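The structure displayed is predicted, hence computed values, not measured ones. Counting starts at 1 for both ligands and their atoms, following the listed order.
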Amino acid sequence: MDKIAIVGGERLVGEIRISGAKNSAIKLMAASLLTDEPVRLTNMPRLADTRFLGRLLGRLGTEVVETDGPNGGQTILTTPEILSTIAPYDLVRQMRASFNVLGPLLARAGQAKVSLPGGCAIGARPVDLHLQALEALGARIELNEGYVYAQAPRGLRGARIEFPFVSVGATEHALLAAVLARGETVLTGAAREPEIVDLALCLTAMGARIEGAGSATIRIVGVERLSGATHAVAPDRIETGTYALAAAMAGGEVRLTNTRADIIESLLVKMEEAGVEVDRGADGLTVRRNGGRLKAVEVTTDPYPGFATDLQAQFMALMTLADGESVVRETIFENRFMHAPELARLGADIVVNGGEARVRGVANLEAAPVMATDLRASVGLVIAALAARGETVVDRVYHLDRGFERLEEKLSACGARVRRISDAGEEA
Ligand code: EPZ
């Protein structure tokens, strides 16, 4: 298993180009199943998760062609016909978002058999809301031996779907299925994440009729068929926020390009409160910190536009060196503080109690071997290591490779001392 070694103490100065959003890209790839024409996605990140979903789509009948240009990757997905409507356990288990092929398969082929994804390190993560939405759209759903069997032999029909709480995945799933349903669907209590807006934009370019994406109420009028389209994947707000926090932690000045400041506004406000300077520009932002100790501030994760749970580990890393006590509350997932004991190995003072972590800032962090437990936790450790004294080795970086494109390259270009130690022990 690859490791990443970071020698802390270097300021970060330079520019980082932000990639297309992982959590948009994988839903857009699933959306391509809805048409027999080519869907061309540009600004595509090249990640373990997108490669993985490409392989699953290949089994279902999609031809996936990838090319790389100077401004990111391009992926063309064409599914002339659905060759299989089965997404087996061994594939869904490895990436939960594979579950989102259920809706498109059902909408286009009238049936699907997709493995239940099961829990994961950050929580139980049930899919009851996804299934209720599909049932409301007229699907017959049965659960058997860990699989969802869904059928809609005469097609799906529009419905009113009220989500009792915000779910990004269930909102996306309802959208993916409703675009080909007969009649009007109204989603209330819908997620407002930029990835929902991105999916709606791509589906609209494919001929779907959607209004209100980005608000809590989304109206969809089903169409008979969708066509191909070209769509640029939206910038990755979590990658944007992560590098903003890396610059704040290490000190220096980093310009983040090919992205937008407004998609991480709730983070930027907290960073400013802590004493970090932020310039919001037209095509990105600049983050600056020159000396001076950061102030401890409190954050509570919430659905968008609130503070993103996917930035919680990275923000906690920043708070380990702040002056005073910070309280970090996690309200989205029940087990998302696994980075806390790893940060403690670097000398952080953190006490976790249920969904709340109290972080008392220390004067210095000291390097130590640490273990990545999930994608965002692992990058939180990288951020902490940028400011720790000595060389920190982060193990199990396959978590990181799922969602951060060329992380070592991007950080090194700004002066960080980061290297990858590959499986065989040699440096890559
Ligand atoms: C998406 O997960 C993201 N994943 C997550 O990012 C992100 O943390 C999360 O949204 C919240 O922003 C992808 O987009 C692939 P939810 P998702 O449905 O859709 C509960 C990363 O690191 N729930 O909004 O699975 C659920 O257990 C990942 O990139 C139900 O109870 O999140 C959670 O507590 C991690 N029943 C809450 O709702 C359901 O049917 C919100 O989950 C669905 C969800």
Side-chain angles (χ1 to χ4, degrees), residues 19-31 45 47-50 52-53 56 92 94-103 114 116-136 141 143 148 161-176 187 189-199 216 233-234 236-242 263-264 266-267 301-314 330-336 338-339 355 372-380 398-405:
S19 302
K22 168 186 83 100
N23 286 345
S24 269
I26 50 187
K27 318 303 166 51
L28 298 169
M29 290 174 75
L47 299 165
D49 273 13
T50 51
F52 181 81
L53 185 58
L56 168 60
V92 179
Q94 291 179 51
M95 189 182 71
R96 317 179 35 85
S98 311
F99 187 71
N100 274 57
V101 301
L102 172 61
V114 175
L116 284 163
C120 75
I122 61 176
R125 303 183 76 181
V127 287
D128 51 330
L129 299 184
H130 298 235
L131 300 182
Q132 282 162 24
L134 295 177
E135 273 180 331
I141 307 261
L143 301 183
V148 177
I161 301 171
E162 218 179 294
F163 292 109
F165 55 89
V166 169
S167 162
V168 177
T171 303
E172 288 163 342
H173 220 153
L175 256 177
L176 285 166
L187 311 179
R192 294 183 284 162
E193 269 65 4
E195 293 74 38
I196 306 281
V197 176
D198 204 31
L199 177 61
V233 180
D236 195 314
R237 65 195 166 96
I238 307 304
E239 194 195 21
T240 308
T242 298
I263 51 178
I264 52 161
S266 53
L267 166 70
T301 62
D302 259 320
Y304 191 86
F307 191 97
T309 172
D310 289 348
L311 288 169
Q312 180 258 105
Q314 301 90 311
E330 173 59 53
T331 71
I332 310 290
F333 293 109
E334 63 275 21
N335 188 27
R336 213 174 192 185
M338 284 165 305
H339 40 283
T373 49
D374 72 73
L375 169 57
R376 310 305 178 184
S378 53
V379 85
Y398 60 85
H399 288 295
L400 216 129
D401 294 334
R402 290 191 47 197
F404 289 92
E405 189 177 33

**Request:** Using a 4.0 Å heavy-atom threshold (strictly under), name the region of R376 that reaches ligand 1: side chain, backbone, both or neither.
**Result:** side chain
**Contact check, side chains of D401 and L47, non-hydrogen atoms, under 4.5 Å** = no
**Item:** G103 versus L134, closest heavy-atom pair with distance
**Value:** CA-CD2, 4.3 Å
**Asked** Under a heavy-atom criterion of less than 4.0 Å, does Y304 contact ligand 1?
**Response** no
**Prompt:** K27 heavy atoms, cut-off 4.0 Å: which ligand 1 atoms fall inside?
**Reply:** 13 (C), 14 (O), 15 (C)
**Message:** Heavy-atom count check: over 12 atoms from other residues, nucleotides or ligands less than 6.0 Å from E162 CD?
**Reply:** no
**Prompt:** For atom 32 (O) of ligand 1, what's the nearest protein heavy atom and its distance?
**Reply:** F333 CZ, 4.0 Å
**Prompt:** Heavy-atom contacts under 4.0 Å between A170 and ligand 1: side chain, backbone, both, or neither?
**Reply:** neither
**Request:** State whether D49 and R96 are salt-bridged, where the test is any N-O pair (Lys NZ or Arg NE/NH1/NH2 against Asp/Glu carboxylate O) under 4.0 Å.
**Result:** no
**Asked** Under 3.5 Å, N or O to N or O, is R96 touching ligand 1 that way?
**Response** no
**Request:** Indicate yes or no: at least one non-hydrogen side-chain atom of L53 is less than 4.5 angstrom from one of L56.
**Result:** yes
**Asked** Salt bridge check: are K27 and E172 linked by an N-O gap of less than 4.0 Å?
**Response** yes
**Prompt:** Of all the atoms in ligand 1, which lie at a distance below 4.0 Å from a heavy atom belonging to V127?
**Reply:** 39 (C), 40 (O)
**Asked** For ligand 1, is there an N or O atom under 3.5 Å from any N or O atom of V168?
**Response** yes
**Request:** Take every heavy atom of P126, measure it against each atom of ligand 1, and state whether any distance is under 4.0 Å.
**Result:** yes
**Prompt:** Among all protein non-hydrogen atoms, which one is nearest to atom 4 (N) of ligand 1, and what is the separation to 0.1 Å?
**Reply:** N23 ND2, 3.6 Å
**Message:** If you compare all heavy atoms of G241 against all heavy atoms of L267, which two are closest, and at what distance to 0.1 Å?
**Reply:** CA-CD2, 3.5 Å
**Message:** With respect to E334, determine whether any N or O atom, backbone or side chain, lies less than 3.5 Å from an N or O atom of ligand 1.
**Reply:** no
**Asked** Hey, does G169 come in under 3.5 Å of ligand 1, counting only N/O atoms on both sides?
**Response** yes
**Complete:** Heavy-atom closest pair (A308 atom, I238 atom, distance to 0.1 Å) is CB-CD1, 4.0 Å
**H130 and L102, any side-chain heavy atoms less than 4.5 Å apart** = no
**Message:** Among all protein heavy atoms in this structure, tell me which lies nearest to atom 27 (O) of ligand 1, with the distance rounded to 0.1 Å.
**Reply:** R125 CA, 3.3 Å
**Prompt:** Which of the atoms in ligand 1, numbered in the order shown and given with their element, are less than 4.0 Å from a heavy-atom of K22?
**Reply:** 21 (C), 29 (O)
**H399 and F404, any side-chain heavy atoms less than 4.5 Å apart** = no
**Fill in**
The atoms of ligand 1 lying under 4.0 Å from a heavy atom of L375, numbered in the order shown, are 22 (O), 29 (O)
**Item:** Main-chain N/O of E330 paired with E334 side-chain donor or acceptor, under 3.5 Å
**Value:** no
**Asked** What do you reckon, does T309 have a nitrogen or oxygen under 3.5 Å from a nitrogen or oxygen of ligand 1?
**Response** no
**Prompt:** Which is closest to atom 18 (O) of ligand 1 in terms of heavy atoms, A191, A313, S167?
**Reply:** S167
**Prompt:** Among side-chain atoms of Q312 and T301, is any donor-acceptor pair under 3.5 angstrom?
**Reply:** no
**Prompt:** Where the side chain of D236 meets the backbone of K22, is there a donor-acceptor pair that is under 3.5 Å apart?
**Reply:** yes
**Complete:** Taking only non-hydrogen atoms of L129 and a 4.0 Å limit, the atoms of ligand 1 in range are 36 (N), 39 (C), 40 (O)
**Request:** For the pair E195 and R237, find out whether any cationic side-chain nitrogen is under 4.0 Å from an anionic carboxylate oxygen.
**Result:** yes
**Prompt:** Side chain, backbone, both or neither: which part of R336 comes within less than 4.0 Å of ligand 1 when only heavy atoms are counted?
**Reply:** side chain
**Prompt:** Given that the side chain starts at C-beta and the backbone is N, CA, C, O, which of these parts of D310 lies under 4.0 Å from ligand 1, counting heavy atoms, or is it both or neither?
**Reply:** side chain
**Prompt:** Should I332 be counted as touching ligand 1, given the test is an N or O pair under 3.5 Å?
**Reply:** yes
**Request:** Measure the distance from atom 36 (N) of ligand 1 to every protein heavy atom, then report the residue, atom name and distance (to 0.1 Å) of the closest one.
**Result:** D128 OD1, 2.6 Å
**Complete:** If you scan protein heavy atoms around atom 20 (C) of ligand 1, the nearest is F165 CE1, 3.8 Å
